[in-house]
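Every heavy atom of this structure was used, including side-chain atoms; hydrogens, water molecules and symmetry mates were not.
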Amino acid sequence: EALLGGSQQANIFMLGCAYQNGRIPLTLASIERAINLNGVAVRDNLCAFHMGRLAVANAAHLQRVRHESEQVTGSTFTQEPNAPLPLDELLEKQAGFLLEYADAALASRYRRMVAKVAAAEQQLQAGSAQLTRVVANNYVRVLAAKDEFEVARLYQDKAFAATLDRLFQPGARLTYLMAPPLLGERKRRFGRWMRPLLGLLARCKGLRGTVLDPFRFTRERRRHAEVVSHFEALVAQVLPELTLQNRPTAIALLSFPQRVRGFGHVKQRQWEAALAKEQVLLRQFFAPPLPVKVFDPKELAA
């Protein structure tokens with residue numbers, strides 16, 4: 001994902017690794033010709049194939065490429081690093097991102113929700129923040145959908161423009177691969193002339209969710225609103241019944257945004273699968289605790 005902006009080419013990447021290790025009894029020209037003949041995402045697949053070769057031939061150089069690619073692709077929310085941040089720092093970072101994504105109102109909405117969960121968990125077990133951290137990481141995913149305004153904002157980011165200038169020579173051809181809602185789900189290529197339009201769209205992010213939002217009736221936007229309401233309702237359902245025994249199940253329940261990714265029909269399938277799993281987890285969460293049998297010492301001795 002860091003190298004190529006997604007996981008669609010994972011198999012082709014592994015094919016490149018296998019070829020470079022001498023495990024594929026075909027010539028390089030044959031593999032490249034097969035990718036071209038297939039006619040699907042040819043440039044992306046060729047790039048993934050040679051990245052896989054590079055992973056074997058010169059891993060250190062690949063890491064440098066990865067570092068630059070991460071600066072290009074960006075993220076729709078702030079990932080928590082491998083070494084977890086203190087909770088207050090994590091909240092500041094995520095709220096700061098939501099401020100850039102939308103406005104102060106959305107950042108405040110995020111803070112209020114996390115504070116409510118933190119208070120309930122502190123009442124349950126002082127000093128613990130297991131569930132709070134899960135909500136802090138997943139609620140930001142729910143609130144910050146990668147919609148049209150966000151895509152435009154990311155494309156207008158100064159760091160993105162600087163990285164393009166560093167990676168490509170002046171005069172390089174720039175195209176945008178997009179699927180505008182009014183034109184269906186099939187992606188199309190748009191030229192450099194899209195850049196000023198994206199800049200205008202990024203500046204209009206304050207229209208998101210209002211009657212002036214031109215995308216408010218799209219299927220993706222309706223699904224986003226549904227997911228936000230669903231997550232908030234789930235938190236409201238879980239907190240009053242939270243115990244030390246069912247907290248692990250609550251954590252699994254409120255981690256569902258991690259399982260719902262992608263766009264269009266892909267995201268819809270994952271959403272339906274998450275709802276099915278959620279019903280199982282809810283039954284577990286609200287199941288009465290198993291009775292503890294008290295044994296008679298004489299019975300144990302016998």
Student: Just how far is it from atom OH of Y110 to atom OH of Y101, taken to the nearest 0.5 Å?
Tutor: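 Atom-to-atom, Y110:OH and Y101:OH are 14.5 Å apart.
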Student: Just do the side chain to side chain contact (heavy atoms under 4.5 Å, CB included) check on R222 and R219 with the steps written out, would you?
Tutor: CA-CA 5 Å; R222 292 198 303 270; R219 183 171 53 186; 4.1 Å; yes
Student: For T243 and N246, test the side chains for any donor-to-acceptor distance below 3.5 angstrom and give the result as yes or no.
Tutor: yes
Student: Kindly work out whether a path of hydrophobic side-chain contacts (I/L/V/M/F/W/Y, heavy atoms less than 4.5 Å apart) joins F49 to F13.
Tutor: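 They do not share one cluster, since no chain of ILVMFWY contacts under 4.5 Å joins F49 to F13.
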Student: Quick one: do L201 and L207 end up in the same hydrophobic cluster if we chain Ile, Leu, Val, Met, Phe, Trp and Tyr together by side-chain heavy atoms under 4.5 Å apart?
Tutor: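 Same hydrophobic cluster.
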Student: Evaluate the side-chain proximity of E226 to W271: yes if any heavy-atom separation is below 4.5 Å, no if none is.
Tutor: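 SC-SC contact between W271 and E226 confirmed.
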Student: For a 4.5 angstrom cut-off between non-hydrogen side-chain atoms, does H61 reach L54?
Tutor: yes
Student: Can a side-chain donor-acceptor contact be found between Y139 and Q94 if the only test is distance below 3.5 angstrom?
Tutor: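 No pair is found: no donor N or O on one side chain lies under 3.5 Å from an acceptor on the other.
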Student: Do S128 and R247 pair up side chain to side chain, a donor and an acceptor below 3.5 Å, judged on atom types alone?
Tutor: yes
Student: Do F215 and F149 have ring centroids that are under 6.0 Å from one another?
Tutor: yes
Student: Go through it in stages, so that I can follow the logic: the residues are L197 and R195, the test is side chain to side chain contact (heavy atoms under 4.5 Å, CB included), and I'd like the CA-CA distance, side-chain angles, deciding distance and then a yes or no.
Tutor: CA-CA 5 Å; L197 294 181; R195 192 162 191 172; over 6 Å; no
Student: Passes salt bridge (charged side-chain N to carboxylate O under 4.0 Å, His left out), R221 versus E148? Steps please.
Tutor: CA-CA 10 Å; R221 191 61 65 78; E148 295 79 9; 3.2 Å; yes
Student: Checking M51 against Q9 for the side chain to side chain contact (heavy atoms under 4.5 Å, CB included) test, could you report, in this order, the C-alpha distance in whole Å, the side-chain angles of both residues, the deciding distance, and whether it holds?
Tutor: CA-CA 10 Å; M51 285 287 188; Q9 279 78 35; over 6 Å; no
Student: Is L26 reachable from I35 through a run of hydrophobic residues whose side-chain heavy atoms are each under 4.5 Å from the next?
Tutor: yes
Student: So do L106 and D103 actually touch side chain to side chain, heavy atoms under 4.5 Å?
Tutor: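 D103 reaches L106 side chain to side chain.
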Student: Check this for me: N11, atom CG, are more than 12 non-hydrogen atoms of other residues, nucleotides or ligands nearer than 6.0 Å?
Tutor: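 Atom CG in N11 is not packed in, count stays at 12 or less.
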Student: Is there a donor-acceptor contact under 3.5 Å linking the side chains of H50 and Q20?
Tutor: no
Student: Below 4.5 Å, heavy atoms only, C-beta onward: do L98 and R109 meet side chain to side chain?
Tutor: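 Answer no - side chains too far apart.
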Student: Side chains of R141 and F231, heavy atoms from C-beta outward: is any pair under 4.5 Å?
Tutor: no
Student: Do L282 and L234 have side chains that approach each other closer than 4.5 Å (heavy atoms only, starting at C-beta)?
Tutor: yes
Student: Do D147 and E150 have side-chain heavy atoms sitting under 4.5 Å apart?
Tutor: yes
Student: Treating Ile, Leu, Val, Met, Phe, Trp and Tyr as nodes and any side-chain heavy-atom pair under 4.5 angstrom as an edge, say whether I24 and M14 lie in one connected cluster.
Tutor: no
